Visitor: 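Starting off with a structure, shown below.
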Amino acid sequence: MTTDTQNDKPKSLPDAKLPRGFADRDALDVAATERMLAKIRETYVLYGFDVLETPFIEFTEALGKFLPDLDRPNEGVFSFKDDDDQWLSLRYDLTAPLARHVAENFDKLPKPFRSMRSGWVFRNEKPGPGRFRQFMQCDADIVGAGSVAADAEMAMLMADTLEAVGIARGDYQIKVNNRKVLDGVMEAIGLAGDDNAGRRLTVLRAIDKLDKFPADEIRKLLGPGRKDESGDFTKGAGLDADAIERVIQFTGWGDQGAGAQSPLGNLGLTLANFRAAVAGSERGEQGCQELETMAALFEAAGYDTSRIVIDPSVVRGLEYYTGPVFEAELTFAVKGDDGRPVRFGSVAGGGRYDGLVSRFRGEPVPATGFSIGVSRLLAALRLLGKIDDQAATAPVVVLVMDRDQIAHYQKLVAMLRQDGLRAELYLGDSGMKAQMKYADRRGARCVVIQGSDERERGEVLIKDLVLGATLSSAPDRDAYLKAQAEAQFAVTETAMLDGVRKVLARG
RNA sequence: GCAGCUGUAGCUCAGUUGGUUAGAGCGCUAGAUUGUGGAUCUAGAGGUCCCCCGUUCAAGCCGGGGCAGCUGUACCA
């Protein structure tokens, strides 16, 4: 705000640019997003969820994102101080606001409470491909249902929703795991207790990277650590060889029929692996039991392993998930503009978070839900060419040949609009050639031209720009004009609507 | 955050061992075409060589420090 700095460089103009991670969205983007959102919402509604809308801004405290031991919000969250010195934040997901809403209105709400929300969320962190600082999510959650039947329903809804937006069966996979199983594995390798909390996190993070790195790289992360290709070093969990192999074994690497790199079709074998890995852990056994129940529900509802699988590499966020977790991934390769494969990560994810509402209320309130990354899903589908970017019907452009006749041109435009045709008058200052160029850029199918000759005869000239474009290879000027005559024709003003419609109907 | 790489026209990039007026292609604007976009030809506009400091008679080029972007990695509700 210092005017001094501005005085130093009086001639410097502000850079017209956006902070990274933010993007403008044009008419095509907006239309495609709205179409996709409509399909997602329709599916959620079918499952009985009610729409809820919450504000972009909440008390930072309500979102629960203060830095540990600091009187300051987490750096990943956009935050500012209000007049009354309270920290406010832009929401970074749609789950924390739901927890606040439920806690605030607990007595009024029917329970279990089925809620869906969609909208922009904000994260102050480094963006990447398919990763923005403002992006759209669409959530569905059930609060007040502790049974894994609710979790199973979430996984099935994820599958149905992805199919509703046009992803074919087989092109996606819903992966399910259970945090209790992971906790059990930690116990089994001797990482129980508060002392080992840090190492447990490191191990879980390493497991989470199974779909990113080969098994040997994971071994390094579980053991001493790993260098990336730029030579940067990541500290490992420091497990001994035995424990490393137990973890790797749990994930199913090297085993047939289970694990991230093996076919996931055999749920029985996967579960058997899990049971072996958590042997001796009560919590781990409970997790296995839950997964088994869910698997039975999937089967009964007709969701086979081509849609929903149990996958040990799914970890999800480390902060609040307490039971089943799920994640949706696209299973086909996506190539970027440069032809290199793009890693998109999961397009949807969620799980059981029994602690989130009880944070506000001292009593246990079970909840489960998931979130679809609408922006990311759209970006992936666009790269695949699966978004039919049908432009909004391009306008008919009425050219201005004689400036003193603007009123009359306006009248022609009004006639088109009254007939329901998207139409506009050229409002710039340039000559006819530039006006044609303008119409071309607008993607207009045709233009309406009226010079003094036509006006005297009470006619307009309608030019088909698409047809006109195909006649560019005329050998000489005469042939060019002659060919052009086929692409443009004169009609009386009263027949203008029919003429324009005729051209538009040419497709 | 950490590491590596890269910053020259709107875009993609050349630019010699440091040397005078920094170039190309594409794009843009206009003319050739009584009043016609896309092709061809011609002309024109457009630059703080990322910023600052230093070395030098002389820096787009060399040195130091910033900043920004890209990639990897970390974190990710």
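Order of the sequence lines sets the chain letters (A, B, ...), proteins ahead of strands, with each chain counted from 1. This structure is a prediction, so every number in the text was calculated from the model and none was measured.
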Visitor: Taking OP1 and OP2 of B/rC28, is either one under 4.0 Å from a side-chain nitrogen or oxygen of A/Arg441?
Guide: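 For A/Arg441, the contact criterion (side-chain N or O under 4.0 Å from OP1 or OP2 of B/rC28) is met.
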Visitor: Determine the interatomic distance between C1' on B/rA24 and the same-named atom on B/rU71; round to the nearest Å.
Guide: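 Rounded to whole Å, the distance is 29 Å.
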Visitor: Using modelled atom types only, decide if a donor and an acceptor are shared between the side chain of A/Asp50 and the backbone of A/Met116 within a distance under 3.5 Å.
Guide: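 Checked: no pair found.
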Visitor: Using both distances under 3.5 Å as the test, list the Watson-Crick or G-U wobble partner of B/rG54, or none.
Guide: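 Its partner is B/rC62.
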Visitor: Say we look at B/rC11 and B/rU16: how far apart would their P atoms be, to the nearest angstrom?
Guide: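 The same atom, P, in both gives a distance of 22 Å.
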Visitor: In Watson-Crick or G-U wobble terms, both distances under 3.5 Å, what is the partner of B/rG47?
Guide: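 Matched B/rG47 with nothing under the 3.5 Å cut-off.
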Visitor: Any idea how A/Phe122 and A/Phe78 line up, ring-wise: parallel (<30°), tilted (30 to 60°), or perpendicular (>60°)?
Guide: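 Rings of A/Phe122 and A/Phe78: perpendicular, as their planes differ by over 60°.
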Visitor: From CG of A/Leu63 over to C1' of B/rA77, roughly how many Å is that when rounded to an integer?
Guide: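 Value for this atom pair: 10 Å.
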Visitor: Which whole-number value in Å describes the distance from A/Lys220 NZ to B/rA74 P?
Guide: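 Those two atoms, NZ and P, are 13 Å apart.
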Visitor: Measuring only between side-chain heavy atoms, which start at C-beta, is A/Asn124 closer than 4.5 Å to A/Arg133?
Guide: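 Yes, at least one pair of side-chain atoms sits under 4.5 Å.
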Visitor: Go ahead and name the base partner of B/rG72; Watson-Crick or wobble counts if both distances stay under 3.5 Å, otherwise write none.
Guide: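 Across all strands, the one nucleotide that pairs with B/rG72 is B/rC2.
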Visitor: Nearest to the side chain of A/Arg123, which nucleotide is it out of B/rA30, B/rA74, B/rA77?
Guide: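 Shortest atom-to-atom distance from the side chain points to B/rA77.
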Visitor: Would you mind pulling out the nucleotide paired to B/rA24, Watson-Crick or G-U wobble, both distances under 3.5 Å?
Guide: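 Because both required distances fall under 3.5 Å, B/rA24 counts as paired with B/rU12.
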Visitor: Sticking with atom C1', work out how far B/rA22 lies from B/rG69, rounded to a whole angstrom.
Guide: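 To the nearest whole Å, 24 Å.
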Visitor: Without hydrogens or angle criteria, can the side chains of A/Asp211 and A/Ser313 be said to hold a donor-acceptor pair below 3.5 Å?
Guide: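 Their side chains do not contain a donor-acceptor pair, so the 3.5 Å distance test is not met.
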Visitor: In whole Å, measure the gap between the P atoms of B/rA45 and B/rG25 for me.
Guide: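 Straight-line distance between the two P atoms is 16 Å.
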Visitor: Using a cut-off of strictly less than 4.0 Å, decide whether A/Arg205 has a side-chain nitrogen or oxygen near OP1 or OP2 of B/rC75.
Guide: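 Looking at the OP1 and OP2 atoms of B/rC75, one of them is under 4.0 Å from a side-chain N or O of A/Arg205.
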Visitor: Can you tell me, in whole Å, how much space there is between the C1' of B/rU17 and that of B/rC13?
Guide: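 Per the computed distance, 23 Å lies between those C1' atoms.
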Visitor: Give me the atom names and distance for the closest heavy-atom approach of A/Ala140 to A/Leu157.
Guide: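 Looking at all heavy atoms of both residues, the shortest contact is CB-CD2, 3.9 Å.
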Visitor: So, A/Glu125 versus A/Tyr92: side-chain donor-acceptor pair below 3.5 Å or not?
Guide: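 Judged by distance alone, the side chains do not pair up.
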Visitor: Pick out the pairs of N or O atoms, protein on one side and nucleotides 2-5 of chain B on the other, that lie under 3.5 Å.
Guide:
from	atom 1	to	atom 2	distance (Å)
B/rC2	O2'	A/Asp232	OD1	2.9
B/rC2	O2	A/Asp232	OD2	2.6
B/rA3	O2'	A/Ser230	O	2.8
B/rA3	N3	A/Ser230	OG	3.4

Visitor: Using heavy-atom distances to pick each residue's nearest nucleotide on RNA chain B, tell me which of A/Tyr92 and A/Pro19 is more 5'.
Guide: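 Result: A/Pro19.
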Visitor: Verify the contact: side-chain N or O of A/Lys433 to OP1 or OP2 of B/rG37, cut-off strictly under 4.0 Å; return yes or no.
Guide: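 Checking B/rG37 against A/Lys433, a side-chain N or O does come within under 4.0 Å of OP1 or OP2.
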Visitor: Does A/Lys212 make a side-chain N or O approach to OP1 or OP2 of B/rA74 shorter than 4.0 Å?
Guide: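 A/Lys212 to B/rA74 OP1/OP2: side-chain N or O found under 4.0 Å.
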Visitor: A/Gln137 has an atom CD; how far is it from atom C1' of B/rA77, in whole Å?
Guide: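 Answer to the nearest Å: 9 Å.
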Visitor: What residue among A/Gln488, A/Met432, A/Met436, A/Gln435 forms side-chain contact (heavy atoms from CB on, under 4.5 Å) with A/Val447?
Guide: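 For A/Val447, the side-chain contact (heavy atoms from CB on, under 4.5 Å) test succeeds with only one of A/Gln488, A/Met432, A/Met436, A/Gln435, which is A/Met436.
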Visitor: For B/rC51 versus B/rC61, give the span between their P atoms, rounded off to a whole number of Å.
Guide: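 Between the two P atoms, the distance is 10 Å.
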Visitor: Would you mind classifying the nucleic acid contact of A/Val77 as base, sugar-phosphate or nothing, using non-hydrogen atoms under 4.0 angstrom?
Guide: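 If one applies the 4.0 Å heavy-atom cut-off, A/Val77 turns out to touch a base.
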Visitor: Between A/Arg179 and A/Gly287 (side chain of the first, backbone of the second, donor and acceptor by atom type, cut-off under 3.5 Å), is there such a pair?
Guide: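 No; judged by distance alone, with no hydrogens or angles, the pair does not exist.
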Visitor: Does A/Leu94 offer a backbone N or O that forms a donor-acceptor pair with the side chain of A/Arg117 under 3.5 Å?
Guide: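 A pair under 3.5 Å: yes.
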Visitor: Please give the distance between the C1' atoms of B/rA43 and B/rU48 as a whole number of Å.
Guide: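 Between the two C1' atoms, the distance is 28 Å.
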Visitor: With nearest nucleotides of RNA chain B determined for A/Asn124 and A/Arg20 from heavy-atom distances, which residue corresponds to the more 5′ nucleotide?
Guide: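 Its nearest nucleotide lies further toward 5', so the answer is A/Arg20.
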Visitor: If you take atom types as modelled and just measure distance, does the side chain of A/Gln435 reach the base of B/rU36 with a donor-acceptor pair under 3.5 Å?
Guide: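 No, no donor-acceptor pair under 3.5 Å.
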Visitor: What is the distance, rounded to the nearest whole Å, between atom CZ of A/Arg131 and atom P of B/rC76?
Guide: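 That distance rounds to 10 Å.
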Visitor: For A/Gln450 and B/rU36, give me the distance from atom CD to atom P, rounded to whole Å.
Guide: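 In whole Å, B/rU36 P lies 17 Å from A/Gln450 CD.
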Visitor: Between B/rG27 and B/rC2, how far apart are the P atoms? Round to whole Å, please.
Guide: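 About 43 Å, rounded to a whole number of Å.
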Visitor: Is the distance from OP1 or OP2 of B/rG72 to the nearest side-chain N or O of A/Lys209 less than 4.0 Å?
Guide: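 Indeed not, no polar side-chain atom of A/Lys209 lies that close.
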Visitor: Should B/rA32 form a Watson-Crick or G-U wobble pair with both distances under 3.5 Å, which nucleotide is its partner?
Guide: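 Its partner is B/rU40.
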Visitor: Could you check how far CG of A/Leu399 sits from C1' of B/rU36, rounded to whole Å?
Guide: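 After rounding, the reported distance stands at 8 Å.
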Visitor: How many Å lie between CD on A/Glu75 and P on B/rA74, as a whole number?
Guide: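 Answer to the nearest Å: 19 Å.
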Visitor: Report which part of the nucleic acid A/Asp453 touches: base, sugar-phosphate, or nothing (heavy-atom distance under 4.0 Å, all strands).
Guide: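 Base, at least one base atom sits under 4.0 Å.
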Visitor: Could you tell me whether the side chain of A/Glu454 has a donor or acceptor atom within less than 3.5 Å of a complementary atom in the base of B/rG35?
Guide: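 A donor-acceptor contact between them is present.
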Visitor: Rounding to a whole Å, what distance do you find between A/Tyr320:OH and B/rC76:P?
Guide: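 After rounding, the reported distance stands at 13 Å.
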Visitor: Which pair of non-hydrogen atoms, one from A/Val460 and one from A/Gln450, has the smallest distance, and what is that distance?
Guide: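 A/Val460 and A/Gln450 have their closest heavy atoms at CG1-NE2, 3.9 Å.
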